[in-house]
Amino acid sequence: MAEMTMEELMNLERVDVPSVGDVVTGKVIAIAGQEVTVDIGGGNDATVYLSELSADSLNSVTDAVSIGSEIEAVVKKVSDEQILLSVKAVAVRAKNAAIEKALEDGTPLEATVTRAIRGGLLVDLGGVEAFLPASQIDVRYVEDLEIYVGQTFNVKVESIKRGRIAVTRKEMLIAEREEAKARALETLQIGDRVDGKVVRITSFGAFVDFGSVEGLVHLSEISHIRFKKIEDVLAVGDDVHTEIVKIDGEKIGLSIKKALPTPVEEFAKEHQVGEVLTGTVVSVHDYGAFVEIAPGVEGLVHASELSWESVRSKVSDFLTAGKKAEVKVIDINVESGRVALSVKQIENDPWESLAATVGDIVVGKVESITQIGAFINIAPYIDGLCHFSEASWGAGTRLEDLIKVGDDVQVKVISLDRERKRVGLSLRQVTANPWEDLGYRRGDIIAGTVENLDNRGAEIKVAEGVIGFLPIGQIADRRLGHANEALSMGEEVQVKVTNFEPHNYRLELSIRQIAEDAEKADFDAYMKVQEAEGAEAEDTLGDLFGDAFKDFE
């Protein structure tokens, strides 16, 4: 064998030996048990153990390579005795590069949960381990981490620090939820029925998640039945059927009770108008009282339905909160959810047995006097109204001047409506209408008595039940501030009729016109005398100067 030259020896010393971390390529030249020998060139042979041959789990090296297979690997160790390679590290490097790019681009990656640890989950990103904090697993707090072990889902890389990779799933879920929410909001309408799950309970209501959208069930929309606190009827995690009642941008208002039959609807299936029930008085107000007659069903006993007696009593005089009460159902309105009740209609209607008819004259007791007239009791529980216009035939006569509360009076029934429970009465129509017998004409001079004086004029009584009005400007020929400057109460006066409308009960009078008429008559008489005297004088002058007048012709 020829000796090697110095140059050849120097070249042999410069044969490349790879460094740790280098990526090399080689060819499989031997397989022995769990080891693979690879020729990486330069006279260097390297070893790859089964555990470093693939990122996947292998039972045998022959599952991955065979003699002559070319591989790419990362140098893991270099020593005088051995060079160790890792094919798996090449895949890890490529995966890390992909992960770094995913961090930069925000690209989602598929992750498989391998185990739960304190504070979160360990996930496999295709051979690279990452940490998923518990706060980033879902949009809501997660208590049981073990339920996620074995699950596969997409995540986003949140950070890479010192080789440690942290990922998030929450951010993706929020984005997906917002997209789905936007799509849902485009199609949702008021009145839609949706099923959901209670996710939060507050003092003012419960939040319900239905798919990608969350809505609020206000406490007033939770139940038809009264409750003290929301937790008495709802709990987090409850499945509920709801109806959309409000859409304001992204705010959704829901109602549980509108998606259910109302208590009144259920009540109407078992009860009917006319039925007498026993209930509990829930509340008492000035206008009436509410009585619970079935779970969730409160009927109103209006103040007018407490008693047939028309006396203005307080509701609390008849019903007391918390006490039992016997009531009659008089109306069921399923659409409005209202039930009307009555206490008085348990007894017979006194209006049905009222014997009086229109035209009858009856005796009643004055119960009250108001601005519109007097209420007079003419039968048990029946009060009629005598309007102030029916007090007297005389205009301007006040009811208070004719009757007092407690007086027994005769009145005539002038109208009767049993259905509306109204009766009209008249004090004046008990006697004949005195206006019908008067035959006054405009210009008549009549006598009367001063009944009333004020700054507008005077009331003059000219017959029983007939009062005429004398305006202040018709009393005297001078300006008056008050009628008492010229007249006295009870004074007998002569007045002239200036307007008479018996059908309207109107009689207008004047004293001043009597004086003016007398003055005019005197003036007319005087003028007639003057005219006569003037004619006689003309005749006398004609006789004296007749011939002279002829000369001028």
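Numbers for residues simply follow the sequence, beginning at 1. Just so it is clear, the values below take in all heavy atoms, side chains as well, and ignore hydrogens, waters and symmetry mates.
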Polar side chain donor-acceptor pair, Ser223 to Lys257, under 3.5 angstrom:
no
With distance as the sole test, does Asp437 use its side chain to make a donor-acceptor pair with the main-chain N or O of Pro434 at under 3.5 Å?
no
Would Asp195 and Asp239 count as a side-chain contact (heavy atoms from CB on, under 4.5 Å) here? Give the steps.
CA-CA 7 Å; Asp195 294 317; Asp239 293 319; over 6 Å; no
Taking the inter-plane angle between the rings of Tyr287 and His285 on a 0 to 90° scale, is it parallel (under 30°), tilted (30 to 60°) or perpendicular (over 60°)?
parallel
Can you tell me if Thr242 uses its side chain to pair, donor with acceptor, with the backbone of Val194 under 3.5 Å?
yes
Do Thr449 and Glu492 meet the criterion of a side-chain donor-acceptor pair at a distance under 3.5 Å?
yes
Can you tell me how far the CG atom of Asp232 sits from the CD1 atom of Ile225, to the nearest 0.5 Å?
13.0 Å
When you compare the side chain of Gln513 with that of Gln474, does any pair of heavy atoms fall below 4.5 Å?
yes
Are any of the side-chain heavy atoms of Leu425 and Glu390 separated by less than 4.5 Å?
no
Closest non-hydrogen atom pair between Pro380 and Pro350, with its separation:
O-CB, 3.7 Å
What is the distance from atom NZ of Lys496 to atom CG of Asp517, rounded to the nearest 0.5 Å?
3.5 Å
Closest heavy-atom contact between Ile252 and Val213?
CG1-CG1, 3.8 Å
Test applied, side-chain contact (heavy atoms from CB on, under 4.5 Å); reference residue, Leu173; option that passes from Lys170, Glu171, Arg177, Glu176
Glu176
Is there side-chain contact between Tyr440 and Ile446, with heavy atoms separated by less than 4.5 Å?
yes
Verdict with reasoning, Arg422 to Leu385, per side-chain contact (heavy atoms from CB on, under 4.5 Å)
CA-CA 8 Å; Arg422 294 180 180 178; Leu385 171 64; over 6 Å; no
For Glu265 and Val334, the nearest pair of non-hydrogen atoms, with its separation, is CG-CG1, 3.2 Å
Would Asn452 and Ile467 count as a side-chain contact (heavy atoms from CB on, under 4.5 Å) here? Give the steps.
CA-CA 10 Å; Asn452 187 44; Ile467 303 292; over 6 Å; no
Nearest 0.5 angstrom please: Leu185 CG to Lys251 NZ, how far?
13.5 Å
Nearest heavy-atom approach of Ala391 to Leu427 is O-CB, 3.6 Å
Any side-chain heavy atom of Val497 sitting closer than 4.5 Å to one from Leu507?
yes
CZ/Arg418: more than 12 non-hydrogen atoms of other groups inside 6.0 Å
yes
Donor-acceptor check, side chain of Glu352 to backbone of Asn348, threshold 3.5 angstrom: yes or no?
no
Test log, rule side-chain contact (heavy atoms from CB on, under 4.5 Å), inputs Val284 and Thr320
CA-CA 7 Å; Val284 176; Thr320 304; 5.9 Å; no
Could you tell me if the side chain of Val198 sits less than 4.5 Å from the side chain of Val217, heavy atoms only?
no
Shortest non-hydrogen contact from Ser342 to Gln345?
OG-N, 3.0 Å
Would you say the side chain of Val236 lies within less than 4.5 Å of the side chain of Ile201, judging by non-hydrogen atoms?
yes
Side-chain (Glu305) to main-chain (His302) donor-acceptor, under 3.5 angstrom:
no
Which of these passes side chain to side chain donor-acceptor pair (under 3.5 Å) with Thr280: Glu292, Lys324, Glu298?
Lys324
More than 12 heavy atoms of other residues, nucleotides or ligands under 6.0 Å from CZ of Arg420: yes or no?
no
Evaluate the ring planes of Phe523 and Tyr526, with Trp represented by its six-membered ring, and classify them as parallel (under 30°), tilted (30 to 60°) or perpendicular (over 60°).
tilted
Considering all heavy atoms of both residues, which atom of Ala356 and which atom of Val362 are nearest to each other, and what is their separation?
CB-CG1, 4.2 Å
Side chain Ser488, main chain Glu491, donor-acceptor under 3.5 Å:
no
Counting only N and O atoms by type, is there a donor-acceptor contact under 3.5 Å from the side chain of Arg442 to the main-chain atoms of Thr498?
yes
Side chains of Asp349 and Lys421, heavy atoms from C-beta outward: is any pair under 4.5 Å?
yes
Give a yes or no on this: more than 12 heavy atoms of other residues, nucleotides or ligands lie within 6.0 Å of atom CG of Asp286.
no
Do Asp317 and Lys314 meet the salt-bridge criterion of a basic N to acidic O distance under 4.0 Å?
no
Pairing of Lys520 and Asp524 as salt bridge, 4.0 angstrom limit
yes
Is the shortest heavy-atom distance from the side chain of Leu453 to the side chain of His482 under 4.5 Å?
yes
Taking Asp454 for its side chain and Arg456 for its backbone only, find out whether a donor-acceptor pair lies under 3.5 Å.
yes
Can you tell me how far CG of Asn377 sits from CD1 of Ile382, rounded to the nearest 0.5 angstrom?
8.5 Å
Do Lys269 and Glu266 meet the salt-bridge criterion of a basic N to acidic O distance under 4.0 Å?
yes
Tell me whether the guanidinium CZ or amine NZ of Arg169 lies under 6.0 angstrom from the six-membered ring centre of Tyr148 and within 45° of its axis.
no
Give, for atom CD of Gln410 and atom OG1 of Thr431, the distance between the pair rounded to the nearest 0.5 Å.
10.0 Å
If you count heavy atoms of other groups shown closer than 6.0 angstrom to CD of Glu501, is the number above 12?
yes
Counting only N and O atoms by type, is there a donor-acceptor contact under 3.5 Å from the side chain of Arg512 to the main-chain atoms of Gly473?
yes
Is the Phe500 ring parallel, tilted or perpendicular to the Trp435 ring (thresholds 30°, 60°)?
parallel
First locate atom CZ of Arg428, then atom SG of Cys386, and finally report the distance between them rounded to the nearest 0.5 Å.
9.0 Å
